[in-house]
Each structure stands twice: as structure tokens, then as C-alpha cells.
Amino acid sequence: MMNIKRPFVLISNDDGYHANGIRTLVRMVSEIADVLVCAPESARSGFSCAFSAATPLRLKRRHNMGEVEVWSCNGTPVDCVKLALDQLCPDRKPDLVLGGINHGDNSTINTHYSGTMGVAMEGCMKYIPSVAFSSCDYREDADLEPLRPYVHRIVDRVLREGLPKGICLNVNFPVGSDFKGVRACRMTYGRWVNEVVKAHHPRGYDYFWMIGHYQNDEPDAEDSDQWALNHGYVAVTPTLMDVTAFDFIREVDSWNL
């Protein structure tokens, strides 16, 4: 039974409810808050803010993580947040929505592809303070315990003070167990290159793998998230829901279209 005197946190991810990262995050956060988990039944990396408009969704009760109630959904990370808010906690709105801990880097333009960030963005669009946590260590069995004090501090701060309307946090951790500190950063300009690998199937048709290599287009920009991660810092990037280019509005208006 939940203690209503404690904060209430909804956690999801894009690696699946069974992933090491989400289980680690639940252990960390359940020390300071009541937690509910609703996460994809299998990996949904790269789904960003996608939701299922034409696919029936199912919720399935899973084994608890300690005393934490766990549900899975056959949809996307955003589906999980939507269903959880509507079906699993209608009488108690979460004080915080968390995504992660993701197994993989979600800094720079990965922000736009990330299902982990999709969780935070969906929470933010529901006016709930939201944070996405990711580790640059892609190993499924990565030791994420060194992240604990940083997760605690960030979660505690956001629970106490909230976040401005329309802003969520994208938090990325470098590989390793000893971090130099935390840096508030902007998103790095970069791009994925050589993304498509073409192959020929024995049955006579071509098929394609989406892979690619990330190219940092400003490696020396010390105010960027990639620079922070490459130099051993935890990168915290405040992320806006409103993507309007305000500085360009007057220019477009002058076109007299």
C-alpha cells in the first residue's frame, strides 16, 4: 500500500520492464518515494514520442520489484505513460515522471529519437515534472550503482522545487564509476552519417540495416553535452517542449506570404 505522505513517481523506459537500468532506477528512487512502473514489454529504442494510433494496447501485471508494482504494455514508451496515468493511477497524479535508466547515450540529437526522452516529454506535456536518465554504457549488465547519488540529488531537487512549465531534464552519464561532477549543458550539434547498409537476400531482394556513425560537428564546444560526457562529467540538458524558433518569427513575418 502506498504511503500518501511520500512523493509518488511513475517510471518507464524504452529498454523494457525487465531491463537492468529500470530495475536499478526503481531501487534508487523507491528509497525516497512511492513508485509505480509501467514500461514496454520488450525493447522500444528509437520510438521517441510515437504512440499507437492503430494498434490495440494491452496492460499486463508483472512481478513486483520489491514492493513496487510493475506493469508492462505492448506499445511504445509514450503509450506506457498514457495508460499508466489513465488506468493505473487515476486517483493520484504522479509528482514526477522518470524515464530510464537507459542503456545508451541520449545526448545531442539522440534526444529526438530517444524513447527514454519520449517518456519525459510525455510527462512534461501532461504538466508533470519529468526527467530522463541515460548511461553511455550500452552493456545490458552495466554497473549503474555509481549513478545513485546523482539520481538522488536530481530527483530530490525536482520533487522539492519542480520544473518550469514546458521544460524537462535530459540527464546523461559517461561510462565509468567516478564522475568529475555535473555540468548544465546545451545539446550538441551533430549528425548520424553512413546510416544505411544495403544487403541482398538469397531470395532475390534487397534489404537495409539502419546503423550509422555519430559525427560531433563541434567537438571543442565546452558548453555542450557531448563535451561534458567526453570529459567525464554528468550532462544535464534542460529540454523545451516548445520548439518554436522565436528569433525567426519576425523574419518569416517579413516575407509577406
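This is a predicted model, so every value here is computed, not measured.
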Heavy-atom pair with the smallest gap, counting every atom of [X] and [Y]:
X	Y	answer
Pro129	Val158	CB-CG1, 3.7 Å
Ser30	Val68	CB-CG2, 4.1 Å
Asp79	Cys73	CB-SG, 4.2 Å
Val119	Ser12	CG2-CB, 3.9 Å
Ala19	Asn13	CB-ND2, 4.0 Å
Gly118	Cys49	CA-SG, 4.0 Å

Count the heavy atoms belonging to other residues, nucleotides or ligands that lie under 6.0 Å from [atom1] of [X], then report whether that count exceeds 12.
X	atom1	value
His200	NE2	yes
Arg250	CZ	no
Arg157	CZ	no
Asp242	CG	yes
Lys126	NZ	yes

Do the non-hydrogen side-chain atoms of [X] and [Y] ever get within less than 4.5 Å of each other?
X	Y	result
Cys38	Leu88	yes
Tyr150	Val171	no
Pro94	Leu85	yes
Phe51	Leu57	no
Thr76	Ser52	yes
Val78	Arg44	no
Lys165	Met241	no
Tyr214	Thr188	yes

[X]-[Y] co-clustered via ILVMFWY side chain contacts under 4.5 Å:
X	Y	value
Met117	Met125	yes
Tyr17	Phe133	yes
Leu25	Leu96	yes
Ile109	Met121	no
Ile32	Ile22	yes

Under the side-chain contact (heavy atoms from CB on, under 4.5 Å) criterion, do Leu36 and Phe8 qualify, and how do the steps go? CA-CA 8 Å; Leu36 172 68; Phe8 177 33; 3.7 Å; yes
Distance, nearest 0.5 Å, that separates [atom1] of [X] from [atom2] of [Y]:
X	Y	atom1	atom2	answer
Leu59	Ser72	CG	OG	7.5 Å
Leu98	Met28	CG	CE	11.5 Å
Leu147	Ser177	CG	OG	10.5 Å
Thr237	Ile167	OG1	CD1	12.0 Å
Asp15	Arg23	CG	CZ	12.5 Å
Tyr189	Asn216	OH	CG	13.0 Å

Check: [Y] main-chain N/O paired with [X] side-chain donor or acceptor under 3.5 Å:
X	Y	answer
His103	Arg139	yes
Asn106	Gly115	no
Asp225	Cys185	no
Arg6	Val35	no
Asn230	Gln226	yes

Salt bridge (charged side-chain N to carboxylate O under 4.0 Å, His left out) filter on Glu251, not counting sequence neighbours, yields none
For Asp206, the salt bridge (charged side-chain N to carboxylate O under 4.0 Å, His left out) test, sequence neighbours excluded, returns Lys198
Hey, what's the ring geometry for His231 with Trp227, parallel, tilted or perpendicular (30° and 60° as the breaks)? parallel
For the residue pair His201 and Tyr205, categorise the inter-ring angle as parallel (less than 30°), tilted (30 to 60°) or perpendicular (more than 60°). parallel
Start with the C-alpha gap between Thr116 and Asn102, add the side-chain angles, then the distance that decides, and say whether side chain to side chain donor-acceptor pair (under 3.5 Å) holds. CA-CA 7 Å; Thr116 307; Asn102 187 67; 3.1 Å; yes
Distance-only polar pair, side chains of Thr239 and Asn170, donor-acceptor under 3.5 Å: no
For the pair Glu140 and Asn20, evaluate side-chain contact (heavy atoms from CB on, under 4.5 Å) and give the outcome as yes or no after the intermediate values. CA-CA 7 Å; Glu140 293 183 0; Asn20 170 41; 5.9 Å; no
Inspect the contact between Asp86 and Lys82 and indicate whether a charged nitrogen and a carboxylate oxygen are less than 4.0 angstrom apart. no
Begin from the C-alpha positions of Asp105 and Tyr138 and carry the test side-chain contact (heavy atoms from CB on, under 4.5 Å) through to its verdict. CA-CA 8 Å; Asp105 181 358; Tyr138 284 80; 3.7 Å; yes
Is there a side-chain contact (heavy atoms from CB on, under 4.5 Å) between Val97 and Glu122 once you walk through the steps? CA-CA 9 Å; Val97 172; Glu122 181 64 23; over 6 Å; no
